[in-house]
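Down below is the structure, laid out as structure tokens.
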Amino acid sequence: MKNIAVIGAGTMGNGIAHTFAQYGFHVMLIDISEKALQSGLATIARNLDRMVEKGTLTEDRKQQTLDNISTHTDLQKGTGGAGLVVEAATENLELKLDIFKKLDDLCAPQTILATNTSSISITKIASATRRPGQVIGMHFMNPVPIMKLVEIIRGYSTSDETTKTVVALAEKLDKIPVEVNDYPGFVANRILMPMINESIETLYNGVAGVKAIDTVMKLGMAHPMGPLQLADFIGLDVCLSILHVMYDGFKNPKYAPCPLLVNMVTAGKLGIKSGEGFYDYTTGKKAEKVAEMFS
């Protein structure tokens with residue numbers, strides 16, 4: 001299995017494409033937007049340059065990685081000959097169901113269809129296909145080229161063969177695959193998102209400020225970044241979407257998103273991607289200046 005199709009050229013998609021290409025796979029990066037594809041390639045090139053500067057990658061390997069990536073706006077052409085398709089589109093159930101229905105029609109019968117969803121049911125996504133045994137979750141962490149973990153999520157009908165194949169592929173990328181079962185949020189976000197949401201509630205209730213909350217968690221709990229900074233990094237819209245999936249799936253009020261989070265997303269304050277969340281990123285991507293609303 002040397003040909004990998006990746007759907008979506010955003011943060012996760014270009015990171016997944018970068019990683020497969022760096023390890024010698026031929027990657028077809030697919031997006032409906034040519035502009036998004038060019039932006040994704042530019043991001044990959046910048047990240048590779050950083051690796052060369054740090055001495056973790058040679059100039060030759062950098063060029064080989066870039067040469068291993070082709071871009072496509074046509075789904076049929078982009079998935080032709082792929083042994084594995086990894087969907088990394090927006091975290092929206094209807095969109096993913098539509099993509100998987102199309103993939104089922106376009107891809108060869110033996111092709112494995114994976115999704116990078118961070119919370120949506122693999123079983124539900126697989127229901128849009130005639131090959132549920134070959135549908136699986138492959139949840140990479142951001143930034144993909146650096147983070148070691150890949151959550152491997154089995155849907156209700158995912159076969160042992162599919163699971164073994166995808167686990168082996170993750171190991172070839174020098175990742176550490178961890179198998180989990182198909183429940184809302186899986187493991188990573190089932191634990192992480194309530195913590196982030198509770199941090200936002202703590203701010204909302206006036207217990208402490210942004211910097212104080214993040215400092216307590218960094219110094220007291222040895223977290224590399226505070227939960228509010230992490231929420232900005234993930235994207236507040238993504239956090240909200242995951243919490244909605246978990247609340248809908250469990251019907252438990254502990255997963256209900258904080259009103260402050262809902263209001264921030266409605267106002268377009270999404271974190272790093274929008275230039276402002278709990279911190280102000282108008283002059284850089286470091287969480288140094290608390291957003292004016294919270295200062």
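In this model, no donor atom of one side chain and acceptor atom of the other lie less than 3.5 Å apart for Glu276 and Thr282. Of the N and O atoms on the side chains of Ser33 and Asp31, not one donor lies less than 3.5 Å from an acceptor on the other residue. Of the N and O atoms on the side chains of Thr202 and Ser199, not one donor lies less than 3.5 Å from an acceptor on the other residue. Side-chain N/O atoms of Glu59 and Gln63 include no donor and acceptor closer than 3.5 Å.
The structure places NZ of Lys77 at 13.0 Å from CG of Leu106, a figure rounded to the nearest 0.5 Å. The structure places CG of Leu37 at 9.0 Å from CD1 of Ile30, a figure rounded to the nearest 0.5 Å. The distance from the CD1 atom of Ile7 to the OG1 atom of Thr115 is 9.5 Å, given to the nearest 0.5 Å. Taken from CE in Met1 to CG in Leu84, the straight-line distance is 5.5 Å, to the nearest 0.5 Å. For the atom pair CG of Asn197 and CE of Met246, the computed distance is 9.5 Å after rounding to the nearest 0.5 Å. Considering CD of Glu34 and OG1 of Thr71, their distance stands at 5.5 Å, rounded to 0.5 Å.
The shortest non-hydrogen separation linking His244 to Pro257 is CE1-CG, 3.9 Å. Residues Met141 and Ala188 come closest through the heavy atom pair CE-CB, 4.4 Å. The shortest non-hydrogen separation linking Ala17 to Leu29 is CB-CD1, 4.0 Å. Scanning all heavy atoms of the two residues, the minimum distance from Tyr281 to Gln229 falls at OH-O, 4.4 Å. The two residues Val290 and Ser295 come nearest to each other via the heavy atoms CG1-N, 4.1 Å.
Within 6.0 Å of atom CD1 in Ile32, 12 or fewer heavy atoms from other residues, nucleotides or ligands are found, so the atom counts as exposed in its surroundings. Taking a 6.0 Å sphere around NZ of Lys124, one finds it holds 12 or fewer heavy atoms contributed by other residues, nucleotides or ligands. Heavy-atom neighbours of Lys2 NZ from other residues, nucleotides or ligands within 6.0 Å: above the threshold of 12. The local environment of CD in Glu292 is sparse, with at most 12 non-hydrogen atoms from other residues, nucleotides or ligands closer than 6.0 Å. Atom CD of Gln76 is surrounded by 12 or fewer heavy atoms from other residues, nucleotides or ligands within 6.0 Å. Annotation for Lys273: atom NZ counts as buried by contact number, over 12 foreign heavy atoms lying within 6.0 Å. No more than 12 heavy atoms of other residues, nucleotides or ligands shown are found within 6.0 angstrom of NZ on Lys269. Within 6.0 Å of OH on Tyr183 lie no more than 12 heavy atoms contributed by other residues, nucleotides or ligands.
Qualifying ring-ring contact (aromatic ring centres under 6.0 Å, His included) partners for Tyr255, counting only residues two or more places apart in sequence or in other chains: Phe250.
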Decide side-chain contact (heavy atoms from CB on, under 4.5 Å) for Val85 and Cys107; before the verdict, give the C-alpha distance in whole Å, the side-chain angles of both, and the deciding distance to 0.1 Å. CA-CA 9 Å; Val85 180; Cys107 294; 3.9 Å; yes
Run the side-chain contact (heavy atoms from CB on, under 4.5 Å) test on Leu260 and Met293 for me, step by step, so that the C-alpha distance in whole Å, both residues' side-chain angles and the decisive distance to 0.1 Å come before the verdict. CA-CA 12 Å; Leu260 174 59; Met293 178 182 178; 4.2 Å; yes
Starting from the C-alpha separation in whole Å, work towards a yes-or-no answer on side-chain hydrogen bond (donor to acceptor under 3.5 Å, both in side chains) for Glu91 and Ser119. CA-CA 8 Å; Glu91 193 75 345; Ser119 60; 3.2 Å; yes
Begin with the C-alpha distance, continue with both residues' side-chain angles, and end with the deciding distance and a verdict on side-chain contact (heavy atoms from CB on, under 4.5 Å) for Leu230 and Leu192. CA-CA 10 Å; Leu230 180 56; Leu192 175 63; 3.7 Å; yes
Would you please test Leu169 and Phe25 for side-chain contact (heavy atoms from CB on, under 4.5 Å) and show each step? CA-CA 10 Å; Leu169 275 173; Phe25 293 87; 3.7 Å; yes
CA sep, side-chain torsions, deciding dist, call: Arg46, Thr43, side-chain hydrogen bond (donor to acceptor under 3.5 Å, both in side chains): CA-CA 5 Å; Arg46 285 195 301 271; Thr43 298; 3.2 Å; yes
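Screening Leu66, Val144, Asn68, Leu48 against His18 for a side-chain contact (heavy atoms from CB on, under 4.5 Å) leaves a single residue, Leu48.
No donor-acceptor pair under 3.5 Å is formed between the side chain of Ser39 and the backbone N or O of Lys35. Side-chain atoms of Lys175 come within 3.5 Å of backbone N or O of Met147 as a donor-acceptor pair. Within the 3.5 Å criterion, the main-chain N or O of Thr123 finds a donor-acceptor partner in the side chain of Ser121. At distances below 3.5 Å, at least one donor-acceptor pair connects side-chain atoms of Thr162 with backbone N or O atoms of Gly133. Checked by atom type and distance alone, the side chain of Asn189 pairs as donor or acceptor with a backbone atom of Ser118 at under 3.5 Å. Formation of a donor-acceptor pair under 3.5 Å by the Glu161 side chain with backbone atoms of Gln134 is not found in this model. A donor-acceptor contact shorter than 3.5 Å is absent between the side chain of Asp214 and the backbone of Met225. Judged purely by atom type and a 3.5 angstrom limit, Thr129 has no side-chain atom pairing as donor or acceptor with the backbone of Phe100. Under a 3.5 Å cut-off, the side chain of Asn116 and the backbone N or O of Ala88 do not form any donor-acceptor pair. Judged purely by atom type and a 3.5 angstrom limit, Asp232 uses its side chain to pair as donor or acceptor with the backbone of Tyr279.
The shortest side-chain heavy-atom distance between Ile153 and Ile136 does not fall under the 4.5 Å cut-off. Between Ser70 and His26 there is a side-chain heavy-atom pair separated by less than 4.5 Å. Within the 4.5 Å cutoff, side-chain heavy atoms of Glu171 are placed close to those of Pro177. Proximity of Lys289 to Thr283: side-chain heavy atoms (C-beta onward) are nowhere separated by under 4.5 Å. The shortest distance between side-chain heavy atoms of Val27 and Val6 falls below 4.5 Å. Between Val187 and Glu151, the closest side-chain pair of non-hydrogen atoms falls below 4.5 Å. Residues Tyr23 and Thr65 are not in side-chain contact: their nearest non-hydrogen atoms beyond the backbone lie 4.5 Å or more apart. Between Pro143 and Phe233 the shortest side-chain heavy-atom distance falls below 4.5 Å.
Follow the hydrophobic side-chain contacts under 4.5 Å out from Leu75 and you never reach Met28; the two are in separate clusters. Clustering ILVMFWY residues whenever any of their side-chain heavy atoms sit less than 4.5 angstrom apart, transitively, puts Ile272 in the very cluster that holds Ile213. In terms of hydrophobic clustering, with Ile, Leu, Val, Met, Phe, Trp and Tyr side chains grouped at heavy-atom distances under 4.5 Å, Leu113 and Ile125 are assigned to a common cluster. Tracing side-chain contacts under 4.5 Å through hydrophobic residues (I, L, V, M, F, W, Y), one never reaches Met195 starting from Val207; they form parts of separate clusters. Under the 4.5 Å side-chain contact rule for hydrophobic residues, Ile146 and Ile44 do not share a cluster.
Glu198 has no carboxylate O lying under 4.0 Å from a charged side-chain N of Lys254, or vice versa, which leaves the two without a salt bridge. Looking at Asp98 and Lys102, a side-chain N of the basic residue comes within less than 4.0 Å of a carboxylate O on the acidic one, giving a salt bridge. A salt bridge between Asp182 and Arg154 is absent, with no side-chain N of the basic residue lying under 4.0 Å from a carboxylate O of the acidic one.
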